[in-house]
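Working notes, structure below.
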Amino acid sequence: MDALVRPVTDPTFAAGALAFLLGGVALGTASGLVPGLHANNFALLLAGFAPSVPADPLFVGVAMLGAGVVHSFLDIVPALALGVPDAATAVAALPGHRLVIAGRGREAVRLSAVGSGLAVALAVPLAVPITWLMTRWYPAIRAHLPLLLGAVVALLVLTESSRRAALGGLFAVLASAALGLATLDADPAAPLSTGGVLAPLFAGLFGVPVLVEALGGDGVPPQADARIAMRARDLGTSATAGSLAGAVVGYVPGVSAAIAAVAAMPAVPRESADRGFVVATSGANTANTIFALFALVALGTPRTGVTVAIDRAGVPFALPMLLVAAATAACFGFALVVRVGDPYLRVVGNADYTRLSIGVLALLALLSYAFAGLYGVGVLLAAGALGLVPPRVGARRVHLMGVLIGPLIVG
């Protein structure tokens with residue numbers, strides 16, 4: 001309990017906390033900028049090292065939380081530049097990549113930063129009342145979760161642009177659901193004990209097709225000015241939808257930020273759909289980190305990789321200290337995504353895109369092997385083949401989120 005009452009004015013304590021926070025910011029920056037690296041894999045890797053760190057467990061928790069928050073800001077950058085998302089940014093990857101191809105990548109980077117920043121600003125004051133509500137509504141939400149997810153899938157399919165696209169979208173939902181049912185519970189031998197099939201699944205479904213289609217292409221075109229061409233009202237609506245979606249993720253087991261962002265899509269204004277998806281998904285991804293922390297304290301159950309890592313490391317629930325760390329990390333994340341995003345796009349734009357695509361495909365295969373062995377490489381190939389289907393029939397790739405939604409509906 002001493003960590004709960006220790007005065008923050010203690011210079012030694014404050015310096016130690018800041019040093020560990022800066023270390024977490026550095027780690028989150030590195031992990032967020034690696035294409036296809038999922039936040040959960042990285043967080044659990046940190047949890048494995050935590051017991052050997054000779055420091056106050058609260059400092060370790062500050063570093064983990066800082067890394068998670070900054071990762072949630074920066075993981076959109078490789079999704080925009082290369083089209084390779086992690087599981088949390090999958091919904092925004094294609095709309096965001098379309099903005100990049102249209103020369104609006106610098107705007108997309110700032111839309112993501114604003115979405116994540118507004119999500120933190122909304123999540124902190126909303127966390128207490130939403131925690132109170134969710135602890136009471138949770139049984140009903142959990143009991144009717146398959147019905148709610150089914151309604152989301154039906155809405156996405158029925159709002160396709162044509163009958164052919166709707167049928168293609170339905171096929172993508174069912175096929176990706178079958179892939180999820182066949183692979184998500186697998187526990188393959190792999191070099192990293194904290195691995196899993198999420199990384200190869202999402203890299204295959206949403207990253208490999210973009211890279212394959214880009215082979216021989218001209219790559220990223222020159223990017224125009226960074227001005228945000230979205231009304232403030234639409235920006236606020238999208239960020240609020242994303243933040244509330246992130247709240248659901250924090251409390252309901254099995255629901256990822258990507259699924260929550262899919263559920264938030266009907267609230268995104270149609271006239272600025274691509275921009276709104278980037279804002280809402282970034283908001284859901286970052287808000288999830290804040291709400292999951294409150295869920296851990298209120299329910300004692302970790303819902304994300306970061307909170308699992310915090311729980312395993314025995315971090316004391318010094319909520320005020322952890323919230324200050326999260327808010328400070330969000331400030332760093334906001335500045336970093338704007339500072340790093342533009343050069344990232346410029347480097348990719350000046351590169352030989354064929355060689356770059358082949359290099360990133362090789363990196364995804366290496367990560368898949370590290371997280372899930374040869375089984376993971378097979379999953380990457382199968383998911384990549386399936387990911388090529390939706391555009392061929394004029395459907396949106398968002399239907400491939402059936403890879404997570406299907407197993408949740410079935411049971």
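The shown structure was predicted, so the numbers you read here are calculated from the model rather than taken from an experiment. Starting from 1, each residue takes its place in the sequence as its number.
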Which atom of Q223 lies closest to which atom of G103, heavy atoms considered: OE1-C, 3.2 Å
Close side-chain approach of L400 to P390, heavy-atom, < 4.5 Å: yes
Backbone of I228 reached by a side-chain donor or acceptor of E107 within 3.5 Å: no
Exam field: side chain S238 to backbone L235, donor-acceptor pair closer than 3.5 Å: no
Neighbour count above 12 (heavy atom, 6.0 Å) for R136 CZ: yes
F291 and I130, any side-chain heavy atoms less than 4.5 Å apart: yes
Side chain proximity check, L201 to L184, heavy atoms < 4.5 angstrom: yes
Atom pair CG (L386) and CG (L381), whose distance is rounded to the nearest 0.5 Å: 13.0 Å
Sidechain-backbone polar pair: S282 side chain, V278 backbone, donor-acceptor under 3.5 Å: yes
Pairwise distance CG(L65) to CD1(I310) - rounded to 0.5 angstrom: 5.0 Å
Heavy-atom donor-acceptor pair, T286 side chain to G283 backbone, under 3.5 Å: no
Atom pair OG1 (T354) and CG (L211), whose distance is rounded to the nearest 0.5 Å: 11.0 Å
Non-neighbouring partners of L366 that pass side-chain contact (heavy atoms from CB on, under 4.5 Å), sequence neighbours left out: none
Pairwise side-chain contact, T183 with Y375, heavy-atom cut-off 4.5 Å (strictly under): yes
Atom pair CG (L22) and CG (L27), whose distance is rounded to the nearest 0.5 Å: 11.0 Å
Exercise: identify the closest heavy-atom pair between G168 and V393: CA-CG2, 3.6 Å
Nearest heavy-atom neighbours spanning L364 and P35: CD2-O, 3.7 Å
Close side-chain approach of F20 and M64, heavy atoms under 4.5 Å: no
Atom of V62, atom of M321 and distance for their closest heavy-atom approach: CG2-CE, 4.2 Å
Distance-only side-chain donor-acceptor flag, R396 / T159, under 3.5 Å: yes
Side-chain heavy atoms of V279 within contact of L118, under 4.5 Å: no
Whether T131 side chain and A127 backbone form a donor-acceptor pair below 3.5 Å: yes
All side-chain contact (heavy atoms from CB on, under 4.5 Å) counterparts of D225, not counting sequence neighbours: R104, R227
Sidechain-backbone polar pair: N288 side chain, A284 backbone, donor-acceptor under 3.5 Å: no
Within-4.5 Å side-chain heavy-atom neighbours: V173 and L156: no
Distance-minimising heavy-atom pair for G394 and E160: O-OE1, 4.0 Å
Test side chain to side chain contact (heavy atoms under 4.5 Å, CB included) applied to V109 and V340, step by step: CA-CA 9 Å; V109 167; V340 175; over 6 Å; no
R164: partners by salt bridge (charged side-chain N to carboxylate O under 4.0 Å, His left out), with sequence neighbours left out: none
Side chain to side chain donor-acceptor pair (under 3.5 Å) partners for S162, two or more places apart: none
side-chain contact (heavy atoms from CB on, under 4.5 Å) partners for Y369, two or more places apart: P191, L374, V377
Given V124, L122, V128, the one that forms side chain to side chain contact (heavy atoms under 4.5 Å, CB included) with L126: L122
Taking every non-hydrogen atom, the tightest pair across P125 and P129: O-CD, 3.4 Å
N285 vs H71, side chain to side chain contact (heavy atoms under 4.5 Å, CB included): CA-CA, chis, key distance, verdict: CA-CA 10 Å; N285 189 19; H71 181 110; 5.7 Å; no
Residues forming a salt bridge (charged side-chain N to carboxylate O under 4.0 Å, His left out) with R233, sequence neighbours excluded: none
Side chains of D56 and V60 in contact at under 4.5 Å (non-hydrogen atoms): no
Straight-line distance of F294 CZ to F317 CZ, nearest 0.5 Å: 12.5 Å
Short side-chain to backbone donor-acceptor contact, Y344 and L33, under 3.5 Å: yes
From CG (L408) to CG (L149), nearest 0.5 Å: 6.0 Å
Check: H144 side chain, A140 main-chain N or O, donor-acceptor pair, under 3.5 Å: yes
More than 12 heavy atoms from other groups under 6.0 Å of CG on D187: no
Test log, rule side chain to side chain contact (heavy atoms under 4.5 Å, CB included), inputs V403 and F202: CA-CA 9 Å; V403 72; F202 278 87; 3.9 Å; yes
Donor-acceptor contact present, side-chain R275 to main-chain A108, <3.5 Å: no
